[in-house]
Amino acid sequence: MRIAVTGSIATDHLMTFPARITDQLLADRLDRVSLSFLVDTLEIREGGVAANIAYGLALLGHRPLLVGAVGADFEGYGARLAALGVDTRAVLVSATRHTARFLCTTDPDGNQIASFYPGAMAQASAIDLADVTEDGVDVVLIGADDPAAMLRHTRACRSLGIRFMADPSQQLARLEGPDVRELLDGADHLFTNEYEHGLLLRKTGWSHAEVLDRVGTWVTTLGERGSRVERAGKNPVEVAAAPAAEVADPTGVGDAYRAGYLAALSAGLDVVRCARTGSVMASLALAAVGTQTYEVDATALPALLTTAYGPPVRETSPAPA
């Protein structure tokens, strides 16, 4: 299955704060917040949701098409992704803006305070999906990006008859209800985390059942509790998280999950095995600092899945009458 991934491409500046962020917030002073954190570490890593997902897919033997906008400073980053197997021909290079920046401070409990500078991402809406997918793609994941680009790509998929998946994630906070409804309607898959699940319902004004009527499959990641897969007319499927060797950095864990899920889906696996593969990839990302520093390949996955979930259950045919 040929997969295109649209969304942000960024450089991550990841910092750690040794105390608890929540302890610095005063309940009676939330109307005026002025906080400065003296951090212990700084890691500068390459990231962005689309690039992170493409990275995970490439590790598993896919050649995903990366679709997004960057600055001229992307040259080295792009060369590294291309060497891994990511197709970067659809990446638009801005002549005037830097590649987007993500700045994030994380405490020992996994709480985060983050800022995102879009930079060249603001020009992503200039990308014509019809032009960059003329070699053919089977599915497009539409991730967090410039809102105009997200809408343009969704409309292009409908017009071209290309299967698409909605993954609005961080942009849900910025998008208005009508735009969220347009991004979801007719999506083959919808990805959210638990917080975004509730926010999406509020933004769309749709009930849970109404969302499921409009998307094929709704995947909600639940942090340390794993993930839930829902489809209209079927019982929800809950899959436990795969244990991580250690908890180093939660940034990009959801992107790794999506890469694993998509890789398993492209292999024709059922939703349980898709979610388990996503969870194994997420556990690897959680144990590494940075969003594109974990390592794995397709040959290692079966053993990792067995360690996390036990031997695969063989399907048996009913005995002949």
Find the distance between [atom1] ([X]) and [atom2] ([Y]) and round it off to the nearest 0.5 Å.
| X | Y | atom1 | atom2 | result |
| --- | --- | --- | --- | --- |
| Leu199 | Thr204 | CG | OG1 | 9.5 Å |
| Leu57 | Leu65 | CG | CG | 11.5 Å |
| Leu35 | Leu25 | CG | CG | 6.0 Å |
| Thr6 | Leu129 | OG1 | CG | 7.5 Å |
| Asp12 | Cys104 | CG | SG | 8.0 Å |
| Glu194 | Glu196 | CD | CD | 11.0 Å |

Under 3.5 Å: donor-acceptor pair, side chain of [X], backbone of [Y]:
| X | Y | answer |
| --- | --- | --- |
| Thr293 | Val289 | yes |
| Asp87 | Arg89 | yes |
| Tyr55 | Gly47 | no |
| Arg202 | Gly198 | no |

Would you say that more than 12 heavy atoms from the other residues, nucleotides or ligands in this model lie under 6.0 Å from the [atom1] of [X], or not?
| X | atom1 | result |
| --- | --- | --- |
| His13 | NE2 | yes |
| Leu38 | CG | no |
| Arg80 | CZ | yes |
| Asp131 | CG | yes |
| Gln24 | CD | yes |

Identify the two heavy atoms, one from [X] and one from [Y], that lie closest to each other, and give their separation to 0.1 Å.
| X | Y | result |
| --- | --- | --- |
| Ile127 | Arg152 | O-NH1, 3.4 Å |
| Lys203 | Arg181 | O-NH1, 3.9 Å |
| Ala10 | Tyr77 | O-CE2, 3.4 Å |
| Ala124 | Asp145 | CB-OD1, 3.4 Å |
| Leu190 | Pro168 | CD1-CD, 4.1 Å |
| Leu212 | Ala232 | O-CB, 3.6 Å |

Under 4.5 Å between side-chain heavy atoms, counting indirect links through other Ile/Leu/Val/Met/Phe/Trp/Tyr residues: same cluster for [X] and [Y] or not?
| X | Y | answer |
| --- | --- | --- |
| Met121 | Tyr117 | no |
| Val139 | Leu141 | yes |
| Leu14 | Ile21 | no |
| Val132 | Val91 | no |
| Leu183 | Val211 | yes |

Would you call the rings of Trp218 and His197 parallel, tilted or perpendicular if under 30° counts as parallel and over 60° as perpendicular?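 Ring orientation of Trp218 relative to His197: parallel.
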Less than 4.0 Å between a side-chain N and a carboxylate O, is that true for [Y] and [X]?
| X | Y | answer |
| --- | --- | --- |
| Asp135 | Arg2 | no |
| Asp270 | Arg273 | yes |
| Asp249 | Arg45 | no |
| Glu238 | Arg225 | no |
| Arg101 | Asp73 | yes |

Let me know which of Leu184, Asp185, Ile142 forms a side chain to side chain contact (heavy atoms under 4.5 Å, CB included) with Thr154.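 The single option meeting the side chain to side chain contact (heavy atoms under 4.5 Å, CB included) with Thr154 is Ile142.
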pair [X]-[Y]: side-chain heavy atoms closer than 4.5 Å:
| X | Y | value |
| --- | --- | --- |
| Phe37 | Ile113 | yes |
| Gln123 | Thr96 | yes |
| Phe102 | Ser8 | no |
| Leu262 | Met165 | yes |
| Tyr309 | Val280 | yes |
| Thr291 | Val49 | no |
| Ser169 | Thr192 | no |
| Leu81 | Gln292 | yes |

Under the side chain to side chain contact (heavy atoms under 4.5 Å, CB included) rule, what do Ile53 and Asp167 come out as? Steps first, then yes or no, please. CA-CA 11 Å; Ile53 296 169; Asp167 185 16; 4.2 Å; yes
Would Val239 and Val229 satisfy side chain to side chain contact (heavy atoms under 4.5 Å, CB included), going step by step from the backbone distance to the final call? CA-CA 8 Å; Val239 173; Val229 183; 5.6 Å; no
Taking the ring centre of each residue, are Tyr261 and Phe191 less than 6.0 Å apart?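 Distance test on ring centres: under 6.0 Å, yes.
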Worked check of side chain to side chain contact (heavy atoms under 4.5 Å, CB included) between Arg158 and Glu182: CA-CA 11 Å; Arg158 291 196 185 99; Glu182 183 175 354; 3.7 Å; yes
Check the side chains of Thr99 and Thr11 for a donor-acceptor pair under 3.5 angstrom, ignoring hydrogens and angles.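 Not at all, the side chains of Thr11 and Thr99 share no donor-acceptor pair under 3.5 Å.
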Between His62 and Val5, does a side chain to side chain contact (heavy atoms under 4.5 Å, CB included) hold up when you go through it step by step? CA-CA 12 Å; His62 286 258; Val5 185; over 6 Å; no
